[in-house]
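As structure tokens, the structure follows; a few thoughts come after it.
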Amino acid sequence: MGWLSRFVAAVAFLAIGVIFSPETFGSNSIVQLPTYLKLAHLLSFSTAFGAALWVTFIGGIIMFKNLPRHQFGNLQSKMFPAYFWLVGVCCAISVASFGYLHPWKSASAAEKYQLGFLLSSLAFNLANLFVFTPMTIEQRHKVEREQNIGNEIGWSKNQEVAKANPKLAAMNKKFGMIHGFSSLANIMSFGSLAMHSWYLAGKMNL
């Protein structure tokens, strides 16, 4: 099943769910805009939270432990921009819908904090997408291939070889710093989303 067919199927299930929901099924009333905004907020937030949880704590670790390091790096260079785009767009939708439902002037202190968490998550993702990710796409793999390293799975022989290769050592230092900032931004983004999940849980009546 291609990407388009999967998207159409997801939209179809969503439409069926809306049509047959208790608020609309058998009712002559028109669903109000706030209901759609709440749905947009819930779907976009849950998508961002789920994607961040999977990539940060599950998918990335599994790939690191099972793929040759250069394959892992090449895959990450393709996957991370798409991941940050997805989470960034979802955060933007969450910010817009939450901000509309809770205007700043009439919002409570808790709601203002939540808007701040969502904005923080968006900002951290944008930093990763437009600043840190482009800076990590460099020539380190080329230098490693010249030294016949990088095909090992898991931890690398890079540090041992770098002791005798100043160019590789300098690349490692630069990459380590940028990767550290990127990882911190990703964790901060996930943490901000986790704080909002606690707020949403407090609003649920099960």
Within the structure provided, determine whether [X] and [Y] are in side-chain contact (heavy-atom separation under 4.5 Å).
X	Y	result
F132	N186	no
Y36	S97	no
L39	T35	no
F80	V55	yes
M63	M79	yes
L115	L119	yes
F130	P134	no

Minimum-distance pair of heavy atoms, taken over all atoms of [X] and [Y]:
X	Y	result
A40	I93	O-CG2, 4.0 Å
T133	L129	CB-O, 4.2 Å
L118	S94	CD1-O, 4.0 Å
E111	F98	O-CE2, 3.3 Å

[X] side, atom [atom1]; [Y] side, atom [atom2] - distance, nearest 0.5 Å:
X	Y	atom1	atom2	answer
N66	Q71	CG	CD	11.5 Å
F64	L75	CZ	CG	13.5 Å
K105	K112	NZ	NZ	11.0 Å
W85	N125	CH2	CG	11.0 Å
K38	K203	NZ	NZ	10.0 Å

* Asked: Does the separation of the ring centres of H196 and F117 fall below 6.0 angstrom?
  ->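 Judged by ring-centre distance (under 6.0 Å), H196 and F117 do not meet the cut-off.
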Honestly curious: do [X] and [Y] fall in one hydrophobic cluster under the side-chain, below-4.5 Å linking rule?
X	Y	answer
L122	L184	no
V89	F45	yes
I178	V131	yes
W198	M188	no
L53	I62	yes

* Go through the steps to decide whether F57 and F190 satisfy the test ring-ring contact (aromatic ring centres under 6.0 Å, His included), and finish with yes or no. => CA-CA 11 Å; F57 299 106; F190 178 79; 5.2 Å; yes
* Asked: Who pairs with N128 by side chain to side chain donor-acceptor pair (under 3.5 Å), at least two apart in sequence or on another chain?
  -> S182
Tell me whether the count of non-hydrogen atoms from other residues, nucleotides or ligands lying under 6.0 Å of [atom1] in [X] goes above 12.
X	atom1	answer
K173	NZ	no
Y199	OH	yes
Y100	OH	no

* **L193/C91 under side-chain contact (heavy atoms from CB on, under 4.5 Å): CA gap, chis, key distance, verdict** => CA-CA 9 Å; L193 292 173; C91 286; 4.2 Å; yes
* **Side-chain donor or acceptor of S189 paired with backbone N/O of A185 under 3.5 Å** =>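 No: the side chain of S189 does not pair with the backbone of A185.
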* Could you walk me through whether T56 and Y83 pass side-chain contact (heavy atoms from CB on, under 4.5 Å), step by step? => CA-CA 11 Å; T56 304; Y83 161 62; 3.8 Å; yes
* Asked: Given F49 and C90, is the side-chain contact (heavy atoms from CB on, under 4.5 Å) satisfied, shown in steps?
  -> CA-CA 9 Å; F49 185 83; C90 288; over 6 Å; no
